[in-house]
K.L.:
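Once you've had a glance at the structure underneath, I'll fire off some questions.
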Amino acid sequence: MKKAVIALGTNLGHRWENLSKAIRALELLPGSTTVVASSHIYETEPFETPDEQNNYLNMCIIVMTELSPHALLGACLGIEAAMGRKRKVKNGARVIDIDLLLYEDEEIRSEELTIPHPGIRNRAFVMVPLAELFPEKKVFDFDFAAAWQRVDKTGVERLG
């Protein structure tokens with residue numbers, strides 16, 4: 001079993017319900033995938049979006065899984081599709097976004113998958129819930145303490 005860190009975000013439809021459905025779907029994956037910790041939910045303004053959008057709800061979770069990083073990514077993409085995610089416009093509004101951020105003992109740079117996720121250090125909406133789960137600002141071998149100091153966390157509001 002390995003630990004992985006996943007970020008969830010949504011800004012369409014019933015946002016709280018979307019997060020709950022995504023978490024339930026992740027726990028139904030094969031390979032004994034189990035959510036072992038979750039951050040609070042944070043509301044954030046859209047980031048680098050091409051159009052006017054609703055605010056997002058974001059959170060991070062830690063899962064234990066027997067799935068490989070690529071299999072876990074495939075499962076996350078499948079859950080997004082099953083929940084109605086359309087990938088028509090880059091950074092467009094979405095019913096759910098499931099990003100595999102980190103995977104224990106893995107560093108991957110391939111066409112399909114990059115671990116650690118390349119956007120972590122620039123996105124307060126990821127770092128704030130991540131720092132809640134890892135207050136020392138270090139996950140596995142990934143240290144985000146310097147990025148934490150640098151990134152503007154204004155507008156990331158804890159809801160629940």
K.L.:
About how many Å separate CZ of Arg123 and CZ of Arg121, when rounded to the nearest 0.5 Å?
P.N.:
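One gets 13.0 Å once the value is rounded to the nearest 0.5 Å.
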K.L.:
Do you know which two heavy atoms are closest between Cys60 and Leu101, and how far apart they sit?
P.N.:
SG-CD1, 4.0 Å
K.L.:
Surrounding NZ of Lys2 (heavy atoms of other residues, nucleotides or ligands, distance under 6.0 Å), is the total greater than 12?
P.N.:
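Result for NZ/Lys2: enclosed.
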K.L.:
To the nearest 0.5 Å, tell me how far Asn54 CG sits from Asn11 CG.
P.N.:
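Going from CG on Asn54 over to CG on Asn11, the span is 5.5 Å.
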K.L.:
List the atom pairs, donor and acceptor, that lie under 3.5 Å between side-chain atoms in residues 134-143 and the rest of the protein, sequence neighbours left out.
P.N.:
residue: Lys137; atom: NZ; partner: Pro135; partner atom: O; Å: 3.0
residue: Asp143; atom: OD1; partner: Ala145; partner atom: N; Å: 2.9

K.L.:
Find out whether Val128 and Val151 are in side-chain contact, i.e. whether some heavy atom of one side chain is under 4.5 Å from a heavy atom of the other.
P.N.:
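Contact flag for Val128/Val151 side chains = no.
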K.L.:
With rounding to the nearest 0.5 Å, note down the distance linking OG1 in Thr34 to CG in Leu26.
P.N.:
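Between Thr34 OG1 and Leu26 CG, I get 10.5 Å after rounding to 0.5 Å.
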K.L.:
How about Glu45: does its CD atom have over 12 heavy atoms from other parts shown lying under 6.0 Å from it?
P.N.:
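Count not over threshold, so no.
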K.L.:
Spell out, as yes or no, whether a donor-acceptor pair under 3.5 Å connects the side chain of Asn58 to the backbone of Pro129.
P.N.:
no
K.L.:
Got a donor-acceptor contact below 3.5 angstrom from the Glu132 side chain to the His40 backbone?
P.N.:
yes
K.L.:
Please tell me if the side chains of Ile96 and Lys21 come closer than 4.5 Å, counting only heavy atoms from C-beta onward.
P.N.:
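No, every pair of side-chain atoms sits at 4.5 Å or beyond.
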K.L.:
Should we count NZ of Lys153 as having more than 12 external heavy atoms under 6.0 Å?
P.N.:
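Enclosed: over 12 neighbouring heavy atoms sit under 6.0 Å from NZ of Lys153.
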K.L.:
Side-chain donor-acceptor contacts of residues 63-73 below 3.5 Å, not counting sequence neighbours, with atom names and distances?
P.N.:
residue: Thr65; atom: OG1; partner: Thr33; partner atom: OG1; Å: 2.7
residue: Thr65; atom: OG1; partner: Leu67; partner atom: N; Å: 3.0
residue: Ser68; atom: OG; partner: Ala71; partner atom: N; Å: 3.1

K.L.:
Is there a continuous path of hydrophobic side-chain contacts, each under 4.5 Å between heavy atoms, that joins Leu159 to Tyr56?
P.N.:
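Leu159 and Tyr56: separate clusters.
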K.L.:
Using modelled atom types only, decide if a donor and an acceptor are shared between the side chain of Asp99 and the backbone of Ala7 within a distance under 3.5 Å.
P.N.:
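Absent.
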K.L.:
Could you grab the distance from atom CZ of Arg15 to atom CD1 of Ile41, nearest 0.5 Å is fine?
P.N.:
10.0 Å
K.L.:
Do side-chain atoms of Glu80 reach the backbone of Ile98 as a donor and acceptor pair under 3.5 angstrom?
P.N.:
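Side chain of Glu80 to backbone of Ile98: a pair is present.
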K.L.:
Ignoring hydrogens, what is the shortest heavy-atom contact between Met83 and Val95? Give both atom names and the distance.
P.N.:
O-CG1, 3.3 Å
K.L.:
What's the spacing between Leu19 CG and Leu8 CG if we round to 0.5 Å?
P.N.:
6.0 Å
K.L.:
Check whether any side-chain heavy atom of Asn55 sits under 4.5 Å from a side-chain heavy atom of Pro46, and report yes or no.
P.N.:
yes
K.L.:
Output all residues satisfying salt bridge (charged side-chain N to carboxylate O under 4.0 Å, His left out) with Arg94, sequence neighbours left out; order by chain, then residue number.
P.N.:
Asp97
